[in-house]
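Values below: all heavy atoms of this structure, side chains included; hydrogens, waters and symmetry mates excluded. Computed from a prediction, not measured in an experiment: that's the story for all the values here. Letters A, B, ... mirror the listed sequences (proteins, then strands); counts begin at 1.
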Amino acid sequence: MSPSDQRLAAAIEQWFPLNARDLPWRNPRTPWRALVSELMLQQTQVSRVLERFEPFMDRFATPCSLASADEQDVLAMWQGLGYYRRARSLHRAAREIVDRFDGEVPIDAVSLCSLPGVGRYTAGSIASIVGGAREAIVDGNVMRLLARVHCDGASPTDRVFIKRVWSWAQNLVDICEQPPLLNEGMMELGATVCTPTLPSCDKCPLAALCQSRLQGRVSEIPPPKRSAARQELHHYAVVIKRRGKVLLEQRAATGLWAGMWQAPAIESQTILSESEVIKRLPFPLQSLRIQKVMQRTLTHRNVTLHIYSGSLKRGARVPATMGVKWVPVGGLADVPISNAGHAVLAADNS
DNA sequence: CAGGCGTGGCT
DNA sequence: TAGCCAAGCCT
């Protein structure tokens with residue numbers, strides 16, 4: 001612990017109460033609201049979560065309420081937020097909270113970390129901010145903030161660097177006055193002042209202590225992560241409507257858009273001919289008309305959506321398997337469908 | 001353990 | 001515009 005750690009912690013703890021945004025999960029702050037908001041916020045902008053948090057809490061007010069819900073209803077409440085495994089993890093976490101913790105969200109880091117979807121950051125965040133424990137937290141904000149304060153230009157993916165940041169964060173929370181103020185203050189500073197581009201150093205309470213500022217290197221730290229190359233994915237979807245209903249299939253339980261529903265589709269890394277698409281579809285189709293082609297960029301995939309409208313051959317029956325169903329066009333909001341899936345359904349004019 | 005996992009905003 | 005980024009976790 002360096003002497004400046006004391007001053008760093010004090011500066012953050014003084015700054016935060018005067019500059020905290022009025023975010024819904026801070027008032028009232030309960031372990032359950034903290035857990036739900038933390039899951040929603042993983043790799044997701046605050047502005048996206050703002051619109052979705054209270055409706056989710058209204059629907060699932062307690063762990064018991066979520067635990068007794070159907071997973072499909074949970075996914076439907078999550079649709080459009082992305083990273084859908086989080087919704088399934090939260091659902092399973094609620095069931096474990098009922099089974100193992102008598103329906104009360106634990107606030108110790110070890111118990112929290114044992115829940116699905118809860119890792120070191122999320123557990124530390126709830127344990128420290130809700131429970132007041134001296135647990136460190138390191139998210140993207142804290143990593144950037146501390147890298148700049150210490151003028152450490154290592155790659156953010158470097159594991160040794162990441163361990164170093166956790167060590168800095170633990171030192172700070174060990175010596176601070178109030179862990180909730182320190183930890184939430186660090187995140188808030190990173191989110192609103194020590195931003196990735198154009199940080200507001202003139203408003204930063206750490207400016208006098210910030211080594212990268214003193215050395216004029218703020219803009220170089222942290223260095224950009226090089227993004228992974230995106231693979232091409234061709235998604236051939238057929239929108240089949242009949243008597244005000246549309247035919248949907250459920251995606252596989254793992255992988256992209258796991259468990260979500262969509263217009264029946266064939267996926268391939270390469271371009272397919274129309275006849276190949278027809279051949280691979282599990283339904284006998286009478287006609288197939290191209291409606292639209294759209295691009296979607298995902299984290300690691302470049303998806304081309306080839307959207308067709310189609311009709312089944314006369315008398316054709318859709319196999320009555322689980323994972324295929326007719327859904328009224330007006331009831332699509334109740335079925336978990338990704339934004340790409342909604343775009344496909346909306347592009348069809350038939 | 002490096003890569004998979006969504007979406008939209010920003011530059 | 002093409003790429004980077006966001007309150008990470010899981011396998």
Side-chain angles (χ1 to χ4, degrees), chain A residues 20-21 23-26 29 33-53 75 78-90 92-93 112-126 128-130 136-145 155-160 162 165-166 169 183-192 194-199 219 222-231 233 235 251-260 262 295-303 305 336-343:
Chain A
R21 287 174 291 178
L23 301 174
W25 41 91
R26 289 179 174 155
R29 195 195 297 284
R33 289 169 65 84
L35 180 62
V36 173
S37 62
E38 288 292 351
L39 266 288
M40 270 194 191
L41 284 161
Q42 288 172 6
Q43 296 292 285
T44 304
Q45 308 259 15
V46 168
S47 59
R48 311 272 327 131
V49 174
L50 283 179
E51 317 156 344
R52 307 298 298 273
F53 178 68
L75 275 174
W78 204 273
Q79 66 176 291
L81 272 172
Y83 284 166
Y84 298 100
R85 187 176 56 189
R86 296 179 296 171
R88 294 144 66 96
S89 295
L90 182 57
R92 285 193 293 136
L112 284 162
C113 223
S114 75
L115 298 171
V118 178
R120 187 174 177 187
Y121 158 75
T122 302
S125 179
I126 298 170
S128 66
I129 295 172
V130 182
I137 60 169
V138 174
D139 69 339
N141 289 315
V142 174
M143 197 168 309
R144 180 175 60 255
L145 179 80
S155 163
T157 59
D158 181 336
R159 301 185 97 71
V160 178
I162 293 171
V165 177
W166 275 97
N183 280 348
E184 202 160 25
M186 282 197 297
M187 287 197 296
E188 191 76 352
L189 257 182
T192 64
C194 194
T195 48
T197 59
L198 296 179
S219 64
K225 318 170 188 173
R226 65 171 190 284
S227 60
R230 282 191 253 289
Q231 278 199 330
L233 180 68
H235 177 101
R251 294 184 62 91
T254 59
L256 186 63
W257 298 311
M260 308 292 280
Q262 65 185 14
Q295 296 283 339
R296 311 287 288 196
T297 305
L298 310 185
T299 304
H300 58 291
R301 220 155 273 186
N302 214 343
V303 184
L305 302 171
I337 298 169
S338 72
N339 278 8
H342 279 295

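The main-chain N or O of A:R29 is never found under 3.5 Å from a side-chain atom of A:W25 such that the two would form a donor-acceptor pair. Under a 3.5 Å cut-off, the side chain of A:R86 and the backbone N or O of A:M40 do form a donor-acceptor pair. With hydrogens and angles ignored, the 3.5 Å screen pairs no side-chain donor or acceptor of A:R296 with any backbone N or O of A:L305. A:R26 places a side-chain N or O within 3.5 Å of a backbone atom of A:R21 that can act as its donor or acceptor partner.
Per the geometry, NZ belonging to A:K225 stands 17 Å off P belonging to C:dG3, to the nearest Å. Nucleotide B:dT7 holds its C1' atom 17 Å from the CD1 atom of A:I337, rounded to whole Å. The CG-P distance, from A:N302 to C:dT1, rounds to 15 Å in whole Å. Rounded to whole Å, atom P of B:dC5 lies 3 Å from atom NE2 of A:H300. Note: CG (A:L81) to P (C:dA7) measures 15 Å, nearest angstrom. Atom OH in A:Y83 sits about 12 Å away from atom P in C:dA6, given to the nearest Å. Between A:L35 atom CG and C:dA7 atom P the separation is 19 Å, expressed in whole Å. In this structure, A:N141 atom CG and C:dC5 atom C1' are separated by 11 Å, rounded to whole Å.
In this structure, A:Q43 reaches the C:dG8 phosphate: one of its side-chain N or O atoms is under 4.0 Å from OP1 or OP2. Using a 4.0 Å cut-off, some side-chain N or O of A:R296 falls inside it from OP1 or OP2 of B:dG8. For A:R144 and C:dA6, the shortest distance from a side-chain N or O to OP1 or OP2 is below 4.0 Å.
Rounding to the nearest 0.5 angstrom, the gap separating the CG atom in A:L112 from the CD1 atom in A:I126 is 5.0 Å. The CE atom of A:M260 sits 7.0 Å away from atom NE2 of A:H342, with the distance rounded to the nearest 0.5 Å.
Only the P atoms considered, B:dG9 is 23 Å distant from B:dC5, to the nearest whole Å. Rounded to whole Å, the separation between the P atoms of C:dT11 and B:dG6 comes to 14 Å. Comparing the C1' positions of B:dA2 and C:dA7 gives a spacing of 23 Å, expressed to the nearest Å. Remark: the separation of the P atoms in C:dC4 and B:dG3 is 15 Å, to the nearest Å.
Of the candidates B:dG6, C:dA7, B:dC5, the closest approach to any side-chain atom of A:R85 belongs to B:dC5. Residue A:N339 has its side chain nearest to B:dG8 when only C:dG8, B:dG8, C:dC5 are considered. Residue A:W257 has its side chain nearest to B:dG6 when only B:dC5, C:dA7, B:dG6 are considered. Residue A:D139 places its side chain closer to C:dA7 than to any other of B:dG8, C:dA7, B:dT7. Checking C:dG8, B:dG8, C:dA7 against the side-chain heavy atoms of A:R48 singles out B:dG8 as nearest. Distance from the side chain of A:T197 is smallest to B:dT11 among C:dC5, B:dT11, C:dA7. Listed nucleotides: C:dC9, B:dC5, C:dA7. Nearest to the side chain of A:A191: C:dA7.
Within 4.0 Å (heavy atoms only), A:V118 reaches sugar-phosphate atoms of the nucleic acid but no base atom. At a threshold of 4.0 angstrom between heavy atoms, the contacts of A:L298 include nucleobase atoms, whether or not backbone atoms are also involved. Within 4.0 Å (heavy atoms only), A:I162 reaches no atom of the nucleic acid at all. No engagement by A:L39 is indicated, since no non-hydrogen atom pair under 4.0 Å with the nucleic acid exists. At the heavy-atom level, A:W25 lies under 4.0 Å from base atoms of the strands shown. At a threshold of 4.0 angstrom between heavy atoms, the contacts of A:G190 with the nucleic acid are absent. Among the atoms of the strands shown, none is found under 4.0 Å from any heavy atom of A:S125. Residue contacts shown for A:R52 are absent, as no nucleic acid heavy atom lies under 4.0 Å away. Looking at heavy-atom distances under 4.0 Å, A:T157 makes no contact with the nucleic acid at all.
Below the 3.5 angstrom threshold, one finds a donor paired with an acceptor across the side chain of A:T299 and the base of B:dG6. Side chain A:S47 to base B:dG8: no donor-acceptor pair is found below 3.5 Å. Counting atom types as modelled, A:R120 pairs no side-chain N or O with a base atom of C:dC9 as donor and acceptor under 3.5 Å.
Base pairing of B:dC5: its partner is C:dG8, meeting the Watson-Crick or G-U wobble criterion (both donor-acceptor distances under 3.5 Å).
In the model, A:S338 has no side-chain atom that pairs as donor or acceptor with a side-chain atom of A:R251 under 3.5 Å. Side-chain contact check for A:Y121 and A:E38: at least one donor-acceptor pair (N or O, by modelled atom type) lies under 3.5 Å.
Along DNA chain C, the nucleotide closest to A:L115 and the one closest to A:P222 are compared, and the more 5′ of them pairs with A:P222.
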